[in-house]
Amino acid sequence: MKENVLKELNRQLNTELYSAYLYLSMAAYLETQNLSGFSNWMKVQFEEEQAHAMKLFQYIIDRGAEVKLISIETPQTEWNGIIDVFEHVLRHEQSITNSINDIFDLALKEKDHATVNTLQWFVKEQVEEEAGVSDILKSLMMIDGKGTGLFLLDREMKQRQFQPLI
Ligand code: OFO
């Protein structure tokens, strides 16, 4: 694998671990807001991001290249309510999409077909992630992030369970 592609894959691995850390921080914050359903949603998100990181980890190993772990940035710990949290999640996922697209472009340029193929999974996943978060944000806006609507939505968020990636 070309050195520049490997470097970007290792950087993305770190970004996925940071995403996990960010969502775990959001889960902790949401517990302080008595939103245990939304906190559960974030804990599942935390697991998903770790699985994304491991997908890249295994891919790098399978290509006979070296995984290089670096320190994970400290995540934000306070937000201004539930709408602020989900606006942040959407912005974050959009930045992940851009990051994946950039590596995809690089892999295409380097004619690294195996990496292009692996990243295709991430491209599709990002469409689903952004759509899911955007739906939740729209529901939160509709109920103005409070009242009975928030109580019911929090109950719905409690149902989310981690599904192993395929
Ligand atoms: Fe949320 O998709 Fe990975 O980072």
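Atoms within each ligand, like the ligands themselves, are counted from 1 in listed order.
- The closest donor-acceptor contact from the side chain of Y29 to the backbone of G81 lies under 3.5 Å.
- Other residues, nucleotides and ligands contribute over 12 non-hydrogen atoms within 6.0 Å of the CZ atom of R91.
- Using a distance-only test at 3.5 Å, with no hydrogens or angles considered, no donor-acceptor pair links the side chain of N10 to the main chain of V67.
- Judged purely by atom type and a 3.5 angstrom limit, Y21 has no side-chain atom pairing as donor or acceptor with the backbone of E73.
- Distances below 4.0 Å separate heavy atoms of S19 from the following atoms of ligand 1: 4 (O).
- Counted by atom type alone, Q12 and E8 present zero donor-acceptor pairs between their side chains at under 3.5 Å.
- The single protein non-hydrogen atom nearest to atom 4 (O) of ligand 1 is E16 OE1, 2.5 Å, given as residue, atom name and distance.
- Counting the atoms of ligand 1 from 1 in the order shown, those under 4.0 Å from a heavy atom of I96 are 4 (O).
- Test Q120, K55, H52 against E125 for side-chain hydrogen bond (donor to acceptor under 3.5 Å, both in side chains) and you get one pass: H52.
- Per-residue contacts place H52 under 4.0 angstrom from the following atoms of ligand 1 (heavy atoms of the residue considered): 2 (O), 3 (Fe).
- Counting heavy atoms closer than 4.0 Å to ligand 1, residue Q126 contributes side-chain atoms (C-beta onward) but none from N, CA, C or O.
- When distances to atom 1 (Fe) of ligand 1 are checked against a cut-off of 2.8 Å, E49 contributes an N, O or S atom below that limit.
- Seen from atom 1 (Fe) of ligand 1, atom OE1 of E129 and atom OE2 of E93 lie 80° apart in angle, a value rounded to 10°.
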